[in-house]
Amino acid sequence: MKTVFITAGLCAVLAAAGCSAGAAEPAASKNPAGPVHLTNCGLPVDVGAPPQRAVTLEQNATEIMLSLGLADRMAGTSYQTDPVLPALRPAYEKVPVLAKLYPSREAVRAANPDFVYSTYTSAYAPDAAGSRADLAKLGVPAYLSGFACENPADAIQTVTFDGIFDQVRDIATVFGVPERADQLIREQQGRLDAARGGGATATPSATAGPNAGPSLLWYYSGTSTPYVAGRGGVPDAIGSLLGTRNAFGDADQKWPAGNWEEIAKRNPDVIVLADLTRGGDGDSAQSKIDFLRRNPVTSKLDAVVAGRFVIVPGSSLDPSIRSVEAAELVGAKLRETAR
C-alpha cells in the first residue's frame with residue numbers, strides 16, 4: 001500500500017461526523033451554527049463547523065446531498081449506478097466525478113475533503129476510500145448509513161422510512177441546514193401517504209389467512225438462483241406501509257437466495273421485479289419476465305399467468321430517497337389489480 005502523506009488542507013479540517021446507528025444512540029446536535037455531536041455505527045463523531053468540501057462515495061449519498069441543496073458544498077462524487085434523478089441532474093453535473101466506481105484512498109485525499117459520506121460499508125474498504133478510522137486520523141469526518149455499519153451489531157436491523165428520514169436529518173444538521181431536511185421529509189412523507197391509499201386492497205390468494213393482505217414476491221436478481229427479499233429490508237418497510245405480506249418474510253437475511261420450487265409453493269399474488277442496469281443474468285425487469293414465462297415451474301404461477309408484475313428501479317430497493325418511488329409503484333399496481 002502506498003504511503004499517504006497528510007496535506008495542510010487535511011490537517012486543517014475538524015473532527016469526524018456520522019449518522020445515528022440505532023434508536024438508542026443520540027441524534028445529531030440541532031444547533032446548525034455550532035459543533036455537531038453524534039454516534040455513528042458505534043463510533044463517537046464530532047463536526048466543528050458545517051463542511052464545505054464533501055465527497056460522496058456512491059449514488060444514494062450523492063442524491064441525498066443534492067436533494068438537500070448541497071451541491072456547492074461537494075468536492076466530488078463517485079459510483080453512479082443509475083441515471084441521476086432528473087430533478088437533480090443539473091446540480092449533479094456541477095460536481096466533479098472522482099471515479100466510475102469507488103475512488104481510491106489517493107483520489108479521495110487528493111480532493112482534500114472535510115467530510116466523506118457513504119450509505120454502503122464497501123465504500124470504506126481498504127481498496128476503496130479506506131476505513132473511517134483512517135480518515136478520522138487525517139481529521140476527515142466519515143459518515144456511514146446506520147443500516148450498513150461495519151459491525152452488524154451496531155446497525156439498525158430493520159429498514160423503515162423513519163430511519164431513512166433520520167439519516168437525512170443527520171446530514172442536514174451536519175451541514176447546518178435542518179430546515180431543508182424538514183422540507184424534503186414533508187415531500188417524501190406526502191408521497192408515502194398518497195401511495196398508502198388503497199394499497200392493500202388487491203385480492204389475496206386463496207391460501208392466505210383471513211384479513212391478510214396480498215402476498216408479494218420481491219425478485220431482485222438471478223435466474224438459476226433467484227435472490228428475493230427476506231425480512232427487514234426496504235420491501236418490508238413498503239409492506240408495512242401498504243398492508244401487504246412478504247412471500248419470504250420468514251427468511252432472516254434481507255436478500256437470501258431462493259429456489260423456484262419453494263417460490264411455486266408460496267405462489268405469490270404479485271411479483272415485484274427489480275430493474276437493474278448492470279447487465280447480468282436476470283438483472284433487467286424484462287429478462288426476469290421472459291424467464292418467468294418460459295420456465296416450466298414459474299410459468300404456472302398465478303401472478304405470471306395473470307401478468308401481475310410491478311417493475312421498480314433496483315436502486316429504489318436500497319434504503320434511500322428513491323425508496324419512496326418503489327412504494328408509489330407498488331401501491332399503484334395494487335390499486336389497479338383490485339379493480
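Asp114 has no carboxylate O lying under 4.0 Å from a charged side-chain N of Arg53, or vice versa, which leaves the two without a salt bridge. Between Glu262 and Arg266 there is a salt bridge, since a side-chain N of the basic residue sits under 4.0 Å from a carboxylate O of the acidic one. One finds no salt bridge joining Glu325 and Arg191 here, because no Lys/Arg side-chain nitrogen approaches an Asp/Glu carboxylate oxygen to under 4.0 Å. The residues Glu261 and Lys265 are annotated as not salt-bridged, no charged nitrogen and carboxylate oxygen being separated by less than 4.0 angstrom. Between Lys333 and Glu336, at least one side-chain N (NZ, or NE/NH1/NH2) sits under 4.0 Å from a carboxylate O, which counts as a salt bridge. Taking the charged nitrogens against the carboxylate oxygens, Arg105 and Asp134 do have a contact shorter than 4.0 Å, which makes a salt bridge. Salt bridge status for Asp236 with Arg231: absent, with no side-chain N to carboxylate O gap under 4.0 Å.
With contacts defined as side-chain heavy-atom distances shorter than 4.5 Å, the pair Asn259/Thr225 does not qualify. In this structure, the side chains of Val108 and Leu57 come closer than 4.5 Å at one or more pairs of heavy atoms.
Using modelled atom types, one finds a donor on one side chain and an acceptor on the other under 3.5 Å when comparing Asp281 with Thr223. If you check the side chains of Ser315 and Asp82, you find a donor sitting under 3.5 Å from an acceptor. Side-chain atoms of Gln80 and Tyr92 form a donor-acceptor pair, as typed in the model, at a separation below 3.5 Å. Thr56 and Thr77 are linked by a side-chain donor-acceptor pair at a separation below 3.5 angstrom, with hydrogens and angles left out of the test.
Under the ring pair (Phe, Tyr, Trp, His ring centres under 6.0 Å) test applied with Tyr102, the options Tyr124, Tyr79, Tyr120 reduce to a single match, Tyr79. With Trp255 as the fixed residue, the ring pair (Phe, Tyr, Trp, His ring centres under 6.0 Å) test singles out one of Tyr220, Tyr227, Phe248, Tyr219: Tyr220.
Closest heavy-atom contact between Leu217 and Val228: CD1-CG1, 3.7 Å. Of all non-hydrogen atoms in Ala107 and Leu98, the two that sit nearest each other are O-CD1, 4.3 Å. Between Pro256 and Ala229, the shortest heavy-atom distance links the atoms CD-C, 4.1 Å.
Hydrophobic clustering (side-chain heavy atoms under 4.5 Å, transitive across Ile, Leu, Val, Met, Phe, Trp, Tyr) keeps Leu273 apart from Leu276.
Counting non-hydrogen atoms of other residues, nucleotides and ligands closer than 6.0 Å to CZ of Phe165 gives a total above 12.
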